[in-house]
Protein chains: 2
Amino acid sequence: MPINMKSIAAQAGVSVATVSRALNRPEMVHPATREKILAIVEDLNYAPNRFAQGLSTGKTKLIALVVPTLNNSFFGQLADGCQSYLISEGYNLIIYSYEEYGHKELGIIHDIDQRMIEGLILSGSGFYLDTYQEMLNKIKIPVVLVENSPETTGISSVYIDDVAGMTMAAQYLINQGHKQIGIIAGPEKMLTTDRRIKAVRNVFKDYHLNLNEKHVIFGEYASLESGATALQKLMKNRKPPTAILAFNDILAIGALKAAIQLGLKIPKDLAIIGFDDIPMAAYYSPALSTIHSPSLDLGKHAARLLLEKLTEADAPIKKMLLPVELILRETT
Amino acid sequence: MPINMKSIAAQAGVSVATVSRALNRPEMVHPATREKILAIVEDLNYAPNRFAQGLSTGKTKLIALVVPTLNNSFFGQLADGCQSYLISEGYNLIIYSYEEYGHKELGIIHDIDQRMIEGLILSGSGFYLDTYQEMLNKIKIPVVLVENSPETTGISSVYIDDVAGMTMAAQYLINQGHKQIGIIAGPEKMLTTDRRIKAVRNVFKDYHLNLNEKHVIFGEYASLESGATALQKLMKNRKPPTAILAFNDILAIGALKAAIQLGLKIPKDLAIIGFDDIPMAAYYSPALSTIHSPSLDLGKHAARLLLEKLTEADAPIKKMLLPVELILRETT
DNA sequence: TTGTATGCGTTATCAC
DNA sequence: GTGATAACGCATACAA
């Protein structure tokens with residue numbers, strides 16, 4: 001016998017409607033019958049079928065998180081953060097890692113419709129500048145952006161203050177006397193890459209310094225190897241950099257490894273600063289100086305903002321800027 | 001106007017049943033009408049509502065993956081592997097990381113019922129020996145175990161040959177002349193921990209060596225710090241180990257860092273072998289010797305086995321043992 | 001080949 | 001307070 005409302009109702013000697021009310025609007029049903037129903041529910045460990053609920057109410061309590069890959073602690077933590085908040089609120093999370101999805105971001109939108117997903121957390125700045133707005137336009141459900149384009153109007157977003165972070169890092173290196181600073185950035189057309197590189201350029205301008213364009217290499221955020229090859233390329237310059245600003249810790253560690261292999265003394269010959277402060281950063285040897293960004297919190301706040309928009313009709317658009325710290329360890 | 005079967009049917013001048021058939025059993029509908037319907041479907045970019053489909057057919061095309069945490073590349077890759085296979089087959093994945101779920105494994109089961117999840121991939125050996133079987137008993141849907149208890153009967157499982165891996169690693173160290181070998185294991189009651197430690201004991205027995213019980217420390221798989229503290233504890237022994245066998249790369253890297261901080265020369269003073277071969281292992285400095293386990297494949301195979309059980313009525317129970325390699329880098 | 005009718009498990013709108 | 005009943009969007013057995 002299936003364990004559904006009908007069977008509960010039968011056992012309690014009431015109608016399904018009453019069972020439904022006992023669960024959703026307890027105050028509308030007589031205490032005595034309510035107790036009786038809830039006892040049976042408890043006893044049979046019954047829980048309403050979410051699909052039927054979804055069909056009936058239009059609310060599925062499903063949230064999607066879009067990340068580039070889970071093979072990076074930063075996004076892993078972000079996902080864990082979203083998860084823990086959403087679960088506590090009775091929601092479930094579907095994670096799309098679009099690198100495994102074959103970069104078919106639009107396929108994800110299709111899925112969202114089919115699954116009646118209620119809200120979307122877009123992370124990873126993996127959406128490129130030119131297709132980005134087009135994609136957002138096709139989405140009809142509430143969206144929260146994480147670490148993405150805060151300039152986008154009409155959309156709540158949570159992001160870390162990477163402009164402040166990059167600024168601090170660049171200023172620090174310059175104040176340490178570095179004149180040739182290599183930049184290992186993410187992919188060229190990505191939003192965060194764009195924003196961070198502008199921050200660096202501004203610092204250079206403030207200090208009346210020139211950013212050597214040959215010192216800017218675009219890599220892949222998820223690839224240690226791309227950090228390593230970037231460093232090798234940088235060191236081949238006629239005037240090789242004496243310090244590296246990497247746009248995330250993966251790139252930084254890749255570069256660090258390559259630098260060590262080249263026999264460079266860290267930080268004497270070459271200083272390196274990363275970004276994110278993944279757990280491994282503190283445990284690398286030498287420990288990586290980096291910008292700490294609170295990825296777990298990032299996830300929790302993103303989830304919270306999204307649920308606010310879902311449940312409060314007139315929830316305002318919010319832009320949350322999470323503070324960042326420059327952590328100086330052994331590579332500076 | 002909602003875009004559903006009814007509206008498609010109206011536009012095509014047919015009944016909803018015909019639309020449904022055109023989508024699911026194309027051969028049953030007249031080519032002409034089929035073309036007409038599919039054209040409209042294409043045009044409106046229509047896709048059937050999965051909830052309604054689920055309610056009607058009982059098939060939701062939802063699979064759940066249970067991991068301890070995503071804050072570990074091993075599980076991140078595993079998840080990505082599952083994801084990519086499932087997506088290609090039209091399924092979606094819900095990931096439960098139970099450390100964020102407050103270790104309420106049974107709560108997950110509840111969810112599985114509510115969401116009508118069709119199949120379950122259990123990973124991470126996070127389920128402890130004593131509650132494990134009890135949990136499995138409560139699950140009524142097909143389950144595939146990943147890196148878990150292959151002894152469990154009646155359940156397909158994919159696991160890496162960690163017994164072979166640990167054996168190779170232990171033999172290698174002994175053959176190198178190490179007599180005092182420290183073990184940094186996972187939590188004591190976990191299944192993989194148990195299995196791996198037995199493998200090590202067997203090697204010691206084969207070589208007529210004694211495993212000093214003071215040289216066995218139980219740590220946390222997800223914690224770099226626990227690897228570091230384990231090492232510190234080990235080195236305080238009257239006869240400190242000259243080699244370390246760590247049960248995953250996180251623990252190994254934590255230990256490595258602590259060893260370097262103690263001023264030990266690697267591998268002269270202390271050799272270290274990890275397990276998993278996460279991307280960072282090759283990029284650590286010194287590069288970590290470890291057992292390579294194909295985590296992405298692990299995910300794909302797990303997903304494949306699960307779908308086999310879901311779609312083929314008499315799919316046999318399979319136990320897949322993925323081969324493992326000992327990769328000797330700079331810490332041995 | 002196509003249409004009608006029923007059911008899937010809920011919620012919500014009515015009456016009672 | 002409670003019980004029928006329609007509706008949600010789709011699949012399918014049965015009729016035509």
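In the text below, chain A, chain B and the rest are named by the order of the sequence lines, each starting its count at 1.
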So, is [X] near the phosphate of [N], with a side-chain N or O under 4.0 Å from OP1 or OP2?
| X | N | answer |
| --- | --- | --- |
| A/S56 | D/dC8 | no |
| A/N49 | C/dG9 | no |
| B/T57 | D/dA11 | no |
| A/Q53 | C/dT11 | yes |

Contact check, side chains of B/L93 and A/I95, non-hydrogen atoms, under 4.5 Å: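 Not in contact.
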Pairwise side-chain contact, A/Y221 with A/T69, heavy-atom cut-off 4.5 Å (strictly under):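 No. Closest side-chain heavy atoms not under 4.5 Å.
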Anything under 3.5 Å between a donor and an acceptor, one on a side chain of residues 306-316 of chain A, the other on a protein residue two or more places apart or in another chain? List them.
residue	atom	partner	partner atom	Å
A/E308	OE1	A/K318	NZ	3.0
A/E308	OE2	A/R304	NH1	2.9
A/T311	OG1	A/L307	O	2.7

Spacing of [X] atom [atom1] relative to [N] atom [atom2], expressed in whole Å:
| X | N | atom1 | atom2 | result |
| --- | --- | --- | --- | --- |
| B/N24 | D/dT12 | CG | C1' | 10 Å |
| A/R25 | D/dG1 | CZ | P | 14 Å |
| A/F51 | D/dC10 | CZ | P | 14 Å |

All side chain to side chain contact (heavy atoms under 4.5 Å, CB included) counterparts of A/M116, not counting sequence neighbours: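 So A/M116 forms a side chain to side chain contact (heavy atoms under 4.5 Å, CB included) with A/T60, B/N49, B/F51.
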Sugar-phosphate only, base, or nothing, as touched by B/V16 at under 4.0 Å among non-hydrogen atoms: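 No contact.
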Sugar-phosphate, base or nothing in reach of A/V14, heavy atoms under 4.0 Å: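 The answer is sugar-phosphate, as A/V14 gets under 4.0 Å only of primed atoms, P, OP1 or OP2.
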First of B/H30 and A/R21 reached from the 5' end of DNA chain C, by closest nucleotide: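 Here B/H30 is the residue nearer the 5' end.
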